[in-house]
Visitor: 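Here it is, the structure, as structure tokens.
Only this structure's heavy atoms are used, side chains among them; waters, hydrogens and symmetry mates stay out.
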Amino acid sequence: MLNRMISRITLAAGLSMLGCFGRAAEPLKIGIVAPLTGPAAESGRYQTQGAKLAADEVNKAGGVLGRPIELVIEDDQTTNPGIVLAFSKLAGDKDIPAFIGSVRSTQVHAMAPDIQRLGKPVMIGGTDPQLTHMGNPWLFRFRPNDTYSARVIADYGVKTLGKKKWVIVHSTDAFGANGMKNLVEALKGMGVEPVLVQGYTNNSQDFTPVVLAVKQSGADVIGSYMTFETDVGIFAKQLLQLGVKNAWVGSPSIVTTTALKLAGSALSGSYAVTDFNRDSSPTAKEFAAKYEAAYKSTPDLFSAWPYDAVHVLALAINNANSLDPQKIRESLLSVKDYSGAEGLYNFDKNGDGLHGYNIVKNDNGKIVFITHVDFND
């Protein structure tokens, strides 16, 4: 029954601070769609906590246009129909000037037509490159897209690890399919043809056929684009159970807090390209410390990008000195050299703010930062 309900939660961030705004200052609403139920509910908790932490900080610093931020959150149920419904509820509130969208590319695709019709800025975390290249001027990405992740996975796996026999494991949704295509292209550019490209459907309960295909392929390295952390956990454990010891260089999902909890030692020795790592910058380290102090939990990309999104959106609205959607959009595009938890933001004309990834290694459960790779294109 719970999964069929759309839950509306209103978080008045920093209510104790309202006195400093004066009685006449009405809260400024920011809409958020997040998975409060469904298979990604834990990531939804990280998302809302990251956003709330940022809103508290913005409010303590004086708010936005002299008003405290109020986060209005709708449950997207981890489904495409759910996020369309959730966004439609938020979009119906004329007092919301901008929104925090989904980290799931397939869900951003589902809500994109409604975003374009509404004509208000939406901050997103989905990494499918197409999202900011399909003529929708209202999408602003707060994670690097997967043209970059594919190049880093391929380069590190081939040049540093010396691996030439690749198997690519990917979800068949928009994120996984496009990540796979970008990785195939990146490998071919280095003279490497994957020995196997293996897709799977999200929320699979048994990866035995996929693991056996990997084992029989003769590959010496796995490159992966897996959407859900639960799938990562099952896949990693079954690799271990069936004796597959290939090197593994994966997309950010294999170093999320949830995946690490579910997979345990099965992920030890794997590598990942990830947008957030606490040791990648002083700003990331500071965010991690504040998040842990507030929530007694380890932050990951699911909390880092909405934290940055709220802060950058607040900055853009203050700089625009207006709630007009077009002025907010122009102000967002003008953000340069903003140091966030995810990295250094320089928005291009397409609405992409970040242009690089971190490489990390799972060393017996500890995520060790190796290096950061940035791109100028």
Side-chain angles (χ1 to χ4, degrees), residues 80 102-112 124-136 139 141 143-159 161 163-204 207 209-210 213-214 217-229 231-232 235 246-255 270-275 301 348 350-352 354-359 373-377:
N80 289 358
S102 178
V103 74
R104 315 285 176 185
S105 295
T106 184
Q107 289 187 299
V108 179
H109 276 292
M111 62 192 291
I124 62 170
T127 53
D128 175 9
Q130 294 182 5
L131 289 170
T132 52
H133 291 76
M134 56 186 186
N136 191 331
L139 297 176
R141 195 190 327 253
R143 297 179 62 213
N145 73 56
D146 285 325
T147 56
Y148 304 124
S149 66
R151 289 157 68 181
V152 176
I153 289 173
D155 187 82
Y156 193 78
V158 173
K159 293 183 179 179
L161 300 182
K163 303 299 183 182
K164 299 294 179 65
K165 297 179 180 179
W166 284 71
V167 57
I168 300 174
V169 176
H170 68 96
S171 63
T172 53
D173 65 6
F175 160 75
N178 284 297
M180 174 271 291
K181 291 175 183 176
N182 287 315
L183 182 52
V184 168
E185 182 178 347
L187 287 170
K188 286 184 177 180
M190 303 177 74
V192 175
E193 184 79 32
V195 298
L196 175 68
V197 175
Q198 180 69 52
Y200 69 90
T201 57
N202 286 331
N203 300 310
S204 294
F207 278 84
V210 177
V214 171
S217 70
D220 57 10
V221 62
I222 300 168
S224 68
Y225 279 91
M226 305 184 74
T227 300
F228 289 111
E229 310 81 72
D231 287 338
V232 172
F235 179 61
N246 301 52
W248 185 358
V249 188
S251 68
S253 58
I254 73 171
V255 288
S270 62
Y271 297 86
V273 297
T274 183
D275 35 309
L301 66 90
D348 60 26
N350 300 310
D352 280 298
L354 296 170
H355 305 86
Y357 273 93
N358 305 303
I359 302 171
V373 181
D374 258 323
F375 297 90
N376 295 321
D377 55 347

Visitor: State the NZ-NE2 distance between Lys181 and His170, to the nearest 0.5 angstrom.
Guide: 9.5 Å
Visitor: Does any donor atom in the side chain of Asp173 or Asn202 lie under 3.5 Å from an acceptor atom in the other side chain?
Guide: yes
Visitor: What is the minimum heavy-atom distance between Val232 and Ser253, and which atoms define it?
Guide: CG2-OG, 3.7 Å
Visitor: Backbone N or O of Arg104 within a donor-acceptor pair of the Ser102 side chain at under 3.5 Å?
Guide: yes
Visitor: Would you check if the side chain of Asn246 reaches a backbone N or O of Ala219 as a donor-acceptor pair within less than 3.5 Å?
Guide: yes
Visitor: Run the salt bridge (charged side-chain N to carboxylate O under 4.0 Å, His left out) check on Lys165 and Asp220 step by step: do they pass?
Guide: CA-CA 5 Å; Lys165 297 179 180 179; Asp220 57 10; over 6 Å; no
Visitor: Measure the CD1-CD1 distance between Ile359 and Ile153 for me, rounded to the nearest 0.5 Å.
Guide: 9.5 Å
Visitor: Please give me the minimum heavy-atom distance between Pro144 and Gly356, naming the atom from each residue.
Guide: CG-O, 3.1 Å
Visitor: Under a 3.5 Å threshold, yes or no: a donor from one side chain and an acceptor from the other, between His355 and Asp374?
Guide: no
Visitor: Between Asp155 (side chain) and Arg151 (backbone), is there a donor-acceptor pair under 3.5 Å?
Guide: no
Visitor: Is there side-chain contact between Gln130 and Asn178, with at least one heavy-atom pair below 4.5 Å?
Guide: yes
Visitor: Do the rings of Tyr271 and Tyr156 sit parallel, tilted or perpendicular, given the 30° and 60° boundaries?
Guide: tilted
Visitor: Show, in sequence, the C-alpha distance, side-chain angles and deciding distance for Asn80 and Thr106, and conclude whether the side-chain contact (heavy atoms from CB on, under 4.5 Å) test is met.
Guide: CA-CA 7 Å; Asn80 289 358; Thr106 184; 3.3 Å; yes
Visitor: Closest heavy-atom contact between Pro252 and Leu301?
Guide: CB-CD2, 3.4 Å
Visitor: Quick one: pull up CD in Gln198 and CD1 in Ile222 and give me the separation to the nearest 0.5 Å.
Guide: 11.0 Å
Visitor: Thr172 side chain to Tyr200 main-chain N or O, any donor-acceptor pair under 3.5 Å?
Guide: yes
Visitor: Where the side chain of Asp231 meets the backbone of Asn203, is there a donor-acceptor pair that is under 3.5 Å apart?
Guide: yes
Visitor: Given the rule in the side-chain contact (heavy atoms from CB on, under 4.5 Å) test, do Val221 and Trp248 qualify, once you have shown the distances and angles that lead to the verdict?
Guide: CA-CA 6 Å; Val221 62; Trp248 185 358; over 6 Å; no
Visitor: Distance only, no hydrogens: is a donor on one side chain within 3.5 Å (strictly under) of an acceptor on the other, for His109 and Asp128?
Guide: yes
Visitor: Measure the CG-CZ distance between Leu354 and Arg143 for me, rounded to the nearest 0.5 Å.
Guide: 9.5 Å
Visitor: Please test Trp166 against Val184 for side-chain contact (heavy atoms from CB on, under 4.5 Å), starting from the C-alpha separation and ending with a verdict.
Guide: CA-CA 10 Å; Trp166 284 71; Val184 168; over 6 Å; no
Visitor: Would you indicate whether the side-chain heavy atoms of Ile168 and Leu196 approach each other to under 4.5 Å?
Guide: no
Visitor: For a quick test of reading the model, state the closest non-hydrogen atom pair linking Ala272 to Ile254 and the distance between them.
Guide: CB-CG1, 3.6 Å
Visitor: Taking the side chain as C-beta and beyond, is there a heavy-atom pair between Pro194 and Leu187 under 4.5 Å?
Guide: yes
Visitor: Is it true that Asp146 and Thr127 share a donor-acceptor pair across their side chains at a distance under 3.5 Å?
Guide: yes
Visitor: Spell out, as yes or no, whether a donor-acceptor pair under 3.5 Å connects the side chain of Arg141 to the backbone of Gly126.
Guide: yes
Visitor: Where the side chain of Asn358 meets the backbone of Asp275, is there a donor-acceptor pair that is under 3.5 Å apart?
Guide: yes
Visitor: Show, in sequence, the C-alpha distance, side-chain angles and deciding distance for Ser149 and Tyr225, and conclude whether the side-chain hydrogen bond (donor to acceptor under 3.5 Å, both in side chains) test is met.
Guide: CA-CA 10 Å; Ser149 66; Tyr225 279 91; 2.7 Å; yes
Visitor: Could you state the interatomic distance from CE (Met226) to OG (Ser251), rounded to the nearest 0.5 Å?
Guide: 8.5 Å
Visitor: Show the nearest heavy-atom pair for residues Leu139 and Leu131, with the distance to one decimal.
Guide: CD1-O, 3.4 Å
Visitor: Taking all atoms of both residues into account, what is the closest heavy-atom pair of Val152 and Tyr357, and its distance?
Guide: CG2-CB, 4.3 Å
Visitor: Compute the ring centroids of Tyr148 and Phe375, then answer whether they are less than 6.0 Å apart.
Guide: yes
Visitor: Counting N and O atoms only, with roles assigned by atom type, does the side chain of Asp352 sit under 3.5 Å from a partner on the main chain of Asp348, one being a donor and the other an acceptor?
Guide: no
